[in-house]
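I have placed the structure first, in the form of structure tokens, so that the comments after it can refer back to it.
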2 protein chains.
Amino acid sequence: MPELPFTLDQLRILKAIAAQGSFKKAADLLYVTQPAVSLQIQNLEKQLEITIFDRGGRKALLTEAGRLLLEYCERILNQCDEACKAIEDLNSLKGGTLVIGASQTTGTYLMPRMIGLFRQKYPDVSVQLQVHSTRRTGWSVANGQIDLAIIGGQLPGDLENLLQVIPYATDELALVLPSNHPLSNKKELLKEDLYKLNFVTLDSQSTTRKVVDKLLQDSGLDIQRLKIEMELNSLEAIKNAVQSGLGASFLPVVSIERELAAGTIHKASITDLEVKRELKVITNPSRYTSRASEVFKKNILPKFACLESPLRQL
Amino acid sequence: MPELPFTLDQLRILKAIAAQGSFKKAADLLYVTQPAVSLQIQNLEKQLEITIFDRGGRKALLTEAGRLLLEYCERILNQCDEACKAIEDLNSLKGGTLVIGASQTTGTYLMPRMIGLFRQKYPDVSVQLQVHSTRRTGWSVANGQIDLAIIGGQLPGDLENLLQVIPYATDELALVLPSNHPLSNKKELLKEDLYKLNFVTLDSQSTTRKVVDKLLQDSGLDIQRLKIEMELNSLEAIKNAVQSGLGASFLPVVSIERELAAGTIHKASITDLEVKRELKVITNPSRYTSRASEVFKKNILPKFACLESPLRQL
DNA sequence: GAGTCTCCATAAATTAAAACTATTTAAATA
DNA sequence: TATTTAAATAGTTTTAATTTATGGAGACTC
């Protein structure tokens with residue numbers, strides 16, 4: 001290795017001697033023997049071709065070259081200390097950035113609360129939330145742009161193997177009706193009743209929409225027969241449409257908590273049908289897991305997992 | 001020794017890997033084997049308790065902690081390089097030549113002492129003193145024949161812009177009389193008294209003479225009315241003439257310290273007139289400043305700047 | 001001014017740390 | 001699946017730093 005003319009240890013010794021005014025005291029301070037100090041300074045002087053200390057009298061005094069070197073020495077060692085502190089902070093979550101991915105739904109209704117809790121506990125870690133489609137989120141996790149994500153849809157097959165996919169919680173996609181809708185009074189609807197409704201849905205590209213369609217189809221319904229009043233691309237818009245009496249919809253329960261509490265929207269049960277999807281936490285096991293990501297997974301996620309299903313091991 | 005969490009070599013390796021994107025290439029760059037690089041990075045990661053590189057793919061990518069560390073790493077290594085350069089410069093004072101320019105006056109009375117101090121500190125740097133007129137000194141500094149000069153007169157306008165001119169000290173041009181001169185008894189002379197004196201002056205080409213003439217003229221005196229007994233081209237000759245009672249003269253105080261102390265010459269004050277000139281340090285900023293020159297300017301000049309005026313920033 | 005004390009330098013031995021060679025493992029490419 | 005490339009690992013060698021032990025020089029003491 002093309003050699004550096006000095007080592008950090010030598011600088012540390014230099015600094016100690018300058019501070020103590022003595023080789024011996026410096027040695028004591030650094031818990032080494034006096035010859036070790038002497039030899040290192042000699043090495044330093046040899047390599048830099050300068051004399052650093054005047055060893056004449058009782059005190060070891062810096063020469064001009066020594067003072068010059070000491071100046072740099074202090075700056076360098078300070079930088080080293082700072083680096084250590086920064087790294088320590090990162091380790092103890094007093095710094096750094098956590099990048100979280102989510103779909104529209106979880107990103108809008110779930111993540112803000114989670115991130116809020118996380119930031120409350122670790123206010124020095126900045127958190128970035130990226131809302132994308134399931135597909136794109138998956139790829140971002142794969143190539144390390146996102147540390148951790150929650151998805152509600154199906155990953156492309158190749159990613160399924162590459163990533164660690166952990167079932168996290170069950171998200172019910174509730175059938176919601178305008179509160180004044182005639183069917184709101186019935187305790188339980190039947191699947192057949194769905195054909196009588198006008199639906200306001202997400203556009204057909206959306207993951208949630210695909211999930212709903214698939215579940216309905218799997219349950220034996222002919223989704224072609226369902227009447228779709230309109231397709232909107234925002235859950236909020238759909239909620240408003242439903243509240244305005246324009247139609248019914250399947251919406252994630254997490255997105256309508258407020259409206260249910262306020263009674264402005266009605267959640268209907270269907271006797272022989274449950275529309276539920278698994279929310280999954282995905283991470284990339286082949287990549288470095290930041291401490292922040294680890295903590296988020298271990299300490300924050302479980303606090304919100306009790307949406308409907310029991311906690312899952314993370 | 002209470003251990004430092006990393007060594008400069010490790011930082012160098014880290015930097016190389018980050019730059020090359022590969023352990024192997026970094027190893028080649030540093031002329032070591034690949035395992036050496038791997039081991040050092042492993043040590044670094046172990047000691048800092050962080051992961052620095054994602055070794056997943058074909059490229060070694062920095063983690064967040066790695067990026068953080070790299071930042072400090074670059075700063076530290078830069079400081080190290082700077083320190084080396086500074087030391088090298090200092091070392092180069094173990095040889096080489098410093099060429100200093102001066103006028104007759106400063107060259108005779110001031111520079112020898114300065115050069116003496118410099119040579120005492122840097123006995124291996126040989127110093128050459130060139131005594132010339134202000135004008136010629138200026139040109140020599142401009143074309144690099146002289147590293148640094150002290151002048152007491154006015155530079156030609158074109159040089160004034162080319163060179164760095166730093167006010168250095170104030171040199172009083174004292175009115176000196178033979179000790180036995182009748183006016184020597186008066187505490188303070190008046191400007192008018194000058195007309196009563198016989199002057200022994202430098203020849204009219206000399207910078208000092210020009211300066212004196214201009215100052216007297218500016219103060220309202222009619223220099224034509226001043227009686228000039230004789231013109232000599234050497235300060236020593238003038239001093240002798242004054243001591244012999246041949247007349248008065250304006251002489252730089254630096255040149256008559258010894259005579260004043262011995263009382264062989266009398267320095268008179270003039271109530272309403274101060275004949276002073278600025279001594280200036282000139283260097284050529286567009287040329288390489290030798291370390292010796294820098295040291296002379298920074299460390300030697302200030303020690304003598306307290307001629308009359310307070311220290312000026314150099 | 002001789003003795004003692006302190007401090008630094010030196011020598012030789014020990015210990016520890018990096019480096020190398022050789023090989024294995026893992027991922028990416030073809 | 002075979003091949004290539006990079007990094008990790010194991011074992012050995014070499015190098016460097018530390019230690020113990022000792023010698024010498026200046027400073028303080030009586």
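Numbered from 1 within each chain, the chains take letters A, B, ... in sequence-line order.
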Checklist line | Nearest-angstrom distance from the residue atom CG of B:Asp28 to C1' of D:dA7 | finding: 13 Å
Next item on the list: With sequence neighbours excluded, tell me which residues meet ring-ring contact (aromatic ring centres under 6.0 Å, His included) with A:Phe6.
Entry: none
Checklist line | Between C:dC7 (C1') and A:Gln20 (CD): distance, integer Å | finding: 14 Å
Next item on the list: Measure from CZ on A:Phe53 to P on C:dC8 and round the result to the nearest Å.
Entry: 10 Å
Notebook entry, point to check: Expressed in angstrom and rounded to an integer, what is the separation of A:Leu61 atom CG from C:dC8 atom C1'?
Noted result: 14 Å
Note to self: If I take atom CD in residue B:Glu45 and atom P in nucleotide D:dT9, what distance separates them, rounded to the nearest angstrom?
What the structure shows: 11 Å
Checklist line | Residue pairs, two or more places apart or on separate chains, that pass side chain to side chain donor-acceptor pair (under 3.5 Å) and touch residues 22-43 of chain B | finding: B:Gln10-B:Gln40, B:Gln34-B:Ser38
Margin query: Is there a side-chain contact between A:Gln42 and the phosphate of C:dT10, meaning an N or O under 4.0 Å from OP1 or OP2?
Written below: yes
Check: Under a 4.0 Å heavy-atom cut-off, which of residues 156-163 of chain A touch DNA chain C?
Finding: none
Margin query: For D:dA6 and B:Arg55 - does any side-chain N or O of the residue sit under 4.0 Å from the phosphate oxygens OP1/OP2?
Written below: no
Notebook entry, point to check: Under 4.0 Å between a Lys/Arg side-chain N and an Asp/Glu carboxylate O for A:Asp213 and A:Lys210?
Noted result: no
Notebook entry, point to check: Between the axis at one end of the helix from C:dG1-D:dC30 to C:dA30-D:dT1 and the axis at the other (five pairs apiece), what's the angle to 10 degrees?
Noted result: 30°
Checklist line | Atom-pair distance (CG on A:Asn284; P on C:dA27), nearest Å | finding: 12 Å
Checklist line | Under the salt bridge (charged side-chain N to carboxylate O under 4.0 Å, His left out) test, residues paired with A:Arg135 that sit two or more places apart | finding: none
Next item on the list: Could you check how far CG of A:Asp54 sits from P of D:dG26, rounded to whole Å?
Entry: 14 Å
Notebook entry, point to check: Sequence neighbours excluded, which residues qualify as salt bridge (charged side-chain N to carboxylate O under 4.0 Å, His left out) partners of B:Glu82?
Noted result: none
Check: When you check every protein heavy atom under 4.0 Å of nucleotides 16-22 of chain C, what one-letter string (B, S, -) results, 5' to 3'?
Finding: --SSBBB
Item checked: A:Leu235 side chain near A:Pro252 side chain, heavy-atom distance below 4.5 Å -> yes
Item checked: With A:Glu231 via salt bridge (charged side-chain N to carboxylate O under 4.0 Å, His left out) - residues at least two apart -> A:Arg209
Checklist line | Value in whole Å for how far the C1' atom of C:dC5 lies from NZ of A:Lys24 | finding: 12 Å
Check: For A:Asn233, which residues count as a side chain to side chain donor-acceptor pair (under 3.5 Å) partner, sequence neighbours excluded?
Finding: none
Next item on the list: Kindly write out the residues that satisfy side-chain contact (heavy atoms from CB on, under 4.5 Å) with A:Leu90, not counting sequence neighbours, or none if the list is empty.
Entry: B:Glu64, B:Ala65, B:Leu68
Between side-chain atoms of residues 96-108 of chain A and protein atoms elsewhere (two or more places apart, or another chain), which donor-acceptor pairs fall under 3.5 Å?
from	atom 1	to	atom 2	distance (Å)
A:Thr97	OG1	A:Ser126	OG	3.2
A:Ser103	OG	A:Thr106	OG1	3.1
A:Gln104	NE2	A:Thr108	OG1	3.4
A:Thr106	OG1	A:Ser103	N	3.3
A:Thr108	OG1	A:Gln104	O	2.5

Check: Quick one: is B:Ser22 getting a side-chain N or O under 4.0 Å of the D:dA6 phosphate, OP1 or OP2?
Finding: no
Notebook entry, point to check: With sequence neighbours excluded, what pairs up with A:Asp158 under the salt bridge (charged side-chain N to carboxylate O under 4.0 Å, His left out) test?
Noted result: none
